[in-house]
Amino acid sequence: KGAYNYSDLNRVERAVAEISDLAGLDLVTKTDWGMWDIPTESEMNRYLENISVIRNLLADDASVPQPPAYMSNLTYGDANNIETILNAVYESLRR
C-alpha cells in the first residue's frame with residue numbers, strides 16, 4: 001500500500017508554483033520537502049488552501065473534483081483528485 005510522502009509533496013508544490021506563476025496568484029509554496037520532514041498542521045492547511053485557490057480558477061467546471069478538506073486520512077482517491085485539479089487547471093491555462 002502506498003503512502004503520501006515527501007516526493008508527492010514536492011511534486012504537487014512544484015506544480016502549484018508553476019500554476020501560481022502562470023495565473024499570477026502569488027501562492028506560497030515549499031518545494032524542498034525532505035524524507036525526514038514532518039509537515040505541520042499549518043503547512044498542510046496552506047497546501048490544501050493552495051489547491052482550493054487553484055481549483056477555484058475552474059469554479060464553473062463541475063467535472064473537476066473538489067480538493068480534500070483535510071490531509072489526515074488522505075485516501076488514494078483524494079490524492080488523485082489533487083492531481084486531477086492541477087492537471088485540469090494547468091491545461092486550461094495553456095490554452
Side-chain angles (χ1 to χ4, degrees):
K1 209 176 202 184
Y4 209 74
N5 61 35
Y6 74 98
S7 65
D8 300 303
L9 293 173
N10 284 326
R11 183 184 61 260
V12 168
E13 295 262 36
R14 283 191 302 271
V16 166
E18 186 168 348
I19 291 169
S20 178
D21 287 345
L22 287 170
L25 296 175
D26 198 32
L27 297 174
V28 174
T29 58
K30 175 179 169 61
T31 58
D32 62 350
W33 292 99
M35 182 182 299
W36 303 110
D37 290 344
I38 299 173
T40 65
E41 184 176 352
S42 65
E43 286 172 320
M44 291 296 88
N45 288 340
R46 175 200 49 78
Y47 183 87
L48 288 177
E49 180 61 27
N50 284 349
I51 302 299
S52 292
V53 168
I54 287 171
R55 169 60 181 89
N56 286 338
L57 293 173
L58 297 178
D60 296 335
D61 190 343
S63 70
V64 178
Q66 294 298 317
Y70 306 100
M71 289 298 285
S72 60
N73 300 317
L74 188 77
T75 67
Y76 74 89
D78 294 332
N80 287 342
N81 286 347
I82 290 170
E83 304 284 346
T84 299
I85 291 164
L86 295 172
N87 188 51
V89 172
Y90 181 76
E91 291 302 320
S92 77
L93 292 171
R94 292 193 56 205
R95 291 184 198 142

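Side chains are part of it too, since the values below use all heavy atoms of this structure and drop only hydrogens, waters and symmetry mates.
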Query - Spacing of CD belonging to Gln66 relative to OG belonging to Ser52, to within rounding of 0.5 Å - result: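 Answer rounded to 0.5 Å: 7.5 Å.
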Query raised in the report: Atom CG of Leu93 and atom CG of Leu57: how far apart are they, to the nearest 0.5 Å?
Result: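 Those atoms lie 6.5 Å apart.
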Query raised in the report: Just by modelled atom types, is the Pro39 backbone N or O under 3.5 Å from a matching donor or acceptor in the Asp37 side chain?
Result: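 Between the backbone of Pro39 and the side chain of Asp37 there is no qualifying donor-acceptor contact (under 3.5 Å).
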Query raised in the report: Hey, is the main chain of Tyr6 close enough, under 3.5 Å, to the side chain of Asn10 for a donor-acceptor pair?
Result: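 Here the side-chain-to-backbone pair exists.
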Side chain to side chain, [X] and [Y], heavy atoms closer than 4.5 Å:
| X | Y | result |
| --- | --- | --- |
| Glu13 | Glu18 | no |
| Leu25 | Val16 | no |
| Val28 | Arg46 | yes |
| Pro68 | Leu74 | yes |
| Arg14 | Ile19 | no |

Requested in this report: Decide whether Thr31 and Thr29 meet the rule of one side-chain donor and one side-chain acceptor closer than 3.5 Å.
Outcome: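 Looking only at side-chain atoms, Thr29 and Thr31 do not form any donor-acceptor pair under 3.5 Å.
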Query raised in the report: Do you see a donor-acceptor pair shorter than 3.5 Å between the side chains of Thr75 and Asp78?
Result: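 A donor-acceptor contact under 3.5 Å links the two side chains.
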Query raised in the report: Are Ile38 and Leu48 connected, step by step, through hydrophobic side chains (Ile, Leu, Val, Met, Phe, Trp, Tyr) whose heavy atoms are closer than 4.5 Å?
Result: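 No, no single cluster joins them.
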Query raised in the report: Applying the 4.5 Å side-chain criterion to the ILVMFWY set and letting contacts propagate, would Leu22 and Leu27 be lumped into a single cluster?
Result: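 Leu22 clusters together with Leu27.
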Query raised in the report: Taking it one step at a time, do Trp33 and Glu43 satisfy side chain to side chain contact (heavy atoms under 4.5 Å, CB included)?
Result: CA-CA 11 Å; Trp33 292 99; Glu43 286 172 320; 3.4 Å; yes
Report task. Could you tell me which non-hydrogen atom of Ala3 sits nearest to which non-hydrogen atom of Asp8, and how far apart they are? Result ->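 Answer, listing the atom of Ala3 first, then Asp8: O-OD2, 3.5 Å.
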Query raised in the report: Between Glu41 and Met71, does a side chain to side chain contact (heavy atoms under 4.5 Å, CB included) hold up when you go through it step by step?
Result: CA-CA 9 Å; Glu41 184 176 352; Met71 289 298 285; over 6 Å; no
Query raised in the report: side-chain contact (heavy atoms from CB on, under 4.5 Å) with Pro67: which of Val53, Leu86, Ile85?
Result: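 Answer to the side-chain contact (heavy atoms from CB on, under 4.5 Å) test with Pro67 among Val53, Leu86, Ile85: Ile85.
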Requested in this report: Go through the steps to decide whether Ile51 and Val12 satisfy the test side chain to side chain contact (heavy atoms under 4.5 Å, CB included), and finish with yes or no.
Outcome: CA-CA 9 Å; Ile51 302 299; Val12 168; 3.9 Å; yes
Requested in this report: Answer yes or no: does atom CG of Asp32 have more than 12 heavy-atom neighbours from other residues, nucleotides or ligands under 6.0 Å?
Outcome: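 Yes.
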Query - Intermediate values then yes/no, salt bridge (Lys or Arg N to Asp or Glu O under 4.0 Å), Glu49 and Arg55 - result: CA-CA 10 Å; Glu49 180 61 27; Arg55 169 60 181 89; over 6 Å; no
**Report entry** Step-by-step side chain to side chain contact (heavy atoms under 4.5 Å, CB included) determination, Tyr4 to Ile82
**Finding:** CA-CA 12 Å; Tyr4 209 74; Ile82 290 170; 4.1 Å; yes
